[in-house]
Amino acid sequence: MPNVYDVLYERPRLHRRLKAPAEKLARAIIASGRLRLDADNESNFIRLQSPTDRLNLTFTLRETTDPKLQAASLARIVTALAVIHTPEEAKKRSLSYMEKVKSDLKRKSPVAAKTELMVSRALVSCNAFPVIRLLHLEGAELYVSFGHSVSDVLDVATWQEVGENNGLQAFGKGQNAVYISCGGHPFLSDAERSYTTDGFPALARFFVVGAQETGHNADMVRGPDNQWSGRHSALNWGSTPSPKAGKARKNDASVTANFQHKSRRLGLNLIAEWERHLQFYRQNKLRNLRSTGAWLKSRLGWQCYKLLLRLRGMRRLCHLQHSPSPATQLRTCLQDMAFNLTPDHEAYHRSDPAAHEAMLCMEALARVPQQVVKWGHSTTAACMPGLYRLYYNEVVTACAAAIERRTARG
């Protein structure tokens, strides 16, 4: 089965303030000007491109209107131009390009401040706090598109290569960026939405894709100087899996497969079939003896099944979010766990078996926070025990250590 994008363990309330540290970070991300948002007909950034001067940069409205941010933006243009021009010529051309950026931004429909804030709150909430704070401190560009892919926020060359992706993490050659697509407007109510993908489906996709792509960024190993030197999940930038990640992924895949096997033997598919019948009666608003019998059978079947899970040492599989079809949900959860432990996509295939296994480890480790936002900490830790420990005990801890080094230096 494909990856699940329309499930969240907890529905976030982004119109409200987050807890103090998280709210402060969300507002700091906005103030930094690094949040690039393409929200349907609204946008807060433009792309400055010039093949002649080898320019391919993006700038938000804040980066051209805030005096401090404008100075840094101008310096970015000067640095890029200085590669092929003298310092004097680079400075001269940069002023002209900055005026072009400001002019192009005036043609954009600005993004509402409330929308920007809710997007930033969602970013802060989609992964462990140190992961997002480190992204902010490192000055990463954070691209969010309400479209069905990241193509709306990419340059033409990159779009031709990876424009159909749901999300991306870009690094190296001066890049540090995360790209997220929502597949719709995530903040519309059922009454407001124009497409079935608007509203909650888009919000869930935002969290799922955001958790994975920020997870990839967290996977980076930062040295004492906070420079990237590799990944926790793989050695030599992906030539072979790291010993911990390689062992954890294979063991976790076995754990999840064992859960699936035991669950089927205990009758999970049978109860899910009863729930399918019950769903038919609900959808067609049929209230009769058959619908009542279907409800009783599904309800009692699930209660007995939960007891069996606890007796078999699988109680954490009972910790999923409330659902009118809990057996169906558990089956979907286990299938989704299995898929994300061994993701199957042509982009991950490598001719070298070691490199292929390294790619699977990189993907599986980054998907731990994704599974947490979908299925919760308890169930994810049960199905992915090794990778869960590696991510939250080592990767997130390493991010927190990198933050301490940065703040200590001022």
Side-chain angles (χ1 to χ4, degrees), residues 2-8 11-16 18 26-27 29-30 32-47 58-63 104-127 132 135-136 140-156 158-160 162-170 177-217 370 373-374:
N3 201 3
V4 174
Y5 287 101
D6 58 353
V7 173
L8 284 179
R11 184 162 186 161
R13 306 297 180 187
L14 301 175
H15 60 284
R16 302 175 183 171
L18 304 177
R27 293 176 182 272
I29 288 173
I30 293 175
S32 72
R34 305 300 279 174
L35 177 60
R36 281 113 168 87
L37 179 57
D38 187 272
D40 291 337
N41 298 322
E42 301 173 354
S43 180
N44 71 349
F45 78 100
I46 61 100
R47 185 174 292 277
T58 58
F59 298 93
T60 62
L61 184 61
R62 276 186 179 79
E63 289 177 310
D104 290 346
L105 279 167
K106 288 180 180 178
R107 301 190 187 101
K108 294 278 188 178
S109 297
V111 177
K114 182 179 179 181
T115 301
E116 276 190 324
L117 181 56
M118 292 176 74
V119 166
S120 189
R121 285 171 175 167
L123 277 167
V124 171
S125 304
C126 76
N127 211 321
I132 307 301
L135 264 176
H136 167 61
E141 292 178 310
L142 305 170
Y143 293 87
V144 178
S145 167
F146 286 5
H148 289 273
S149 70
V150 294
S151 58
D152 294 337
V153 292
L154 293 174
D155 60 274
V156 174
T158 310
W159 169 79
Q160 290 177 331
V162 292
E164 295 305 310
N165 287 20
N166 297 320
L168 290 170
Q169 183 231 352
V178 168
Y179 297 81
I180 301 167
S181 69
C182 304
H185 196 304
F187 309 128
L188 296 181
S189 66
D190 290 344
E192 294 172 319
R193 64 186 190 176
S194 303
Y195 305 97
T196 56
T197 54
D198 288 337
F200 180 77
L203 180 64
R205 182 185 172 110
F206 185 163
F207 269 73
V208 170
V209 176
Q212 180 180 337
E213 300 309 329
T214 55
H216 275 302
N217 190 280
Q370 174 199 99
V373 300
K374 286 192 281 190

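Note that NE2 of His148 is 4.0 Å distant from OG1 of Thr197, once rounded to the nearest 0.5 Å. A distance of 12.0 Å separates CD1 of Ile29 from CD of Glu116, quoted to the nearest 0.5 Å. Ser181 OG to Asp38 CG: the interatomic distance, rounded to the nearest 0.5 Å, is 11.0 Å. Here the NE2-CG distance, from His136 to Leu142, works out to 9.5 Å after rounding to the nearest 0.5 Å. Atom-to-atom distance recorded for Glu213:CD and Tyr143:OH is 14.5 Å, nearest 0.5 angstrom.
The two residues Leu105 and Asn44 have their closest heavy-atom pair at CD2-O, 4.2 Å. Considering all non-hydrogen atoms of both residues, Arg62 and Ile30 come closest at CD-O, 3.2 Å. Of all heavy-atom pairs between Ser120 and Ala26, the closest is OG-O, 2.6 Å. Of all the heavy atoms in Tyr5 and Ala204, the pair that sits closest is O-CB, 3.3 Å. Pairing each heavy atom of Gly210 with each of Thr214, the nearest pair is O-OG1, 2.6 Å. Between Ile46 and Lys108, the shortest heavy-atom contact is CG2-CE, 3.5 Å.
Ring-plane geometry between Phe187 and Phe206 is classed as tilted, the angle between the planes lying from 30 to 60 degrees on a 0 to 90 degree scale.
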Evaluate Arg34 against Thr60 for side chain to side chain contact (heavy atoms under 4.5 Å, CB included), listing each step before the verdict. CA-CA 7 Å; Arg34 305 300 279 174; Thr60 62; over 6 Å; no
Leu117 and Arg121: CA distance, side-chain angles, deciding distance, side chain to side chain contact (heavy atoms under 4.5 Å, CB included) verdict: CA-CA 6 Å; Leu117 181 56; Arg121 285 171 175 167; 3.4 Å; yes
Side chain to side chain contact (heavy atoms under 4.5 Å, CB included) between Glu63 and Arg36: does it pass, once the steps are laid out? CA-CA 11 Å; Glu63 289 177 310; Arg36 281 113 168 87; 2.9 Å; yes
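Here the side chains of Ile180 and Leu123 are in contact, with some heavy-atom distance below 4.5 Å. Proximity of Leu37 to Phe146: side-chain heavy atoms (C-beta onward) are separated by under 4.5 Å at one or more points. The shortest side-chain heavy-atom distance between Val119 and Val111 does not fall under the 4.5 Å cut-off. Contact annotation: the side chain of Leu203 approaches that of Pro12 to within less than 4.5 Å [non-hydrogen atoms, C-beta and beyond].
Among Val373, Ile132, Asn217, the one residue that satisfies the side chain to side chain contact (heavy atoms under 4.5 Å, CB included) test with Asn127 is Ile132.
In this model, a donor atom of one side chain and an acceptor atom of the other lie less than 3.5 Å apart for Thr58 and Glu141.
Side-chain N or O atoms of Ser43 include one that pairs as donor or acceptor with a backbone N or O of Phe45 at under 3.5 Å. Side chain of Arg193 to backbone of Leu188: no donor-acceptor contact under 3.5 angstrom is found. Side-chain atoms of Asp198 come within 3.5 Å of backbone atoms of His185 as a donor-acceptor pair (strictly under, hydrogens ignored). Put simply, the side chain of Glu192 gets close to the backbone of Ser189: a donor and an acceptor are under 3.5 Å apart. Side-chain atoms of Arg205 do not come within 3.5 Å of backbone N or O of Pro186 as any donor-acceptor pair.
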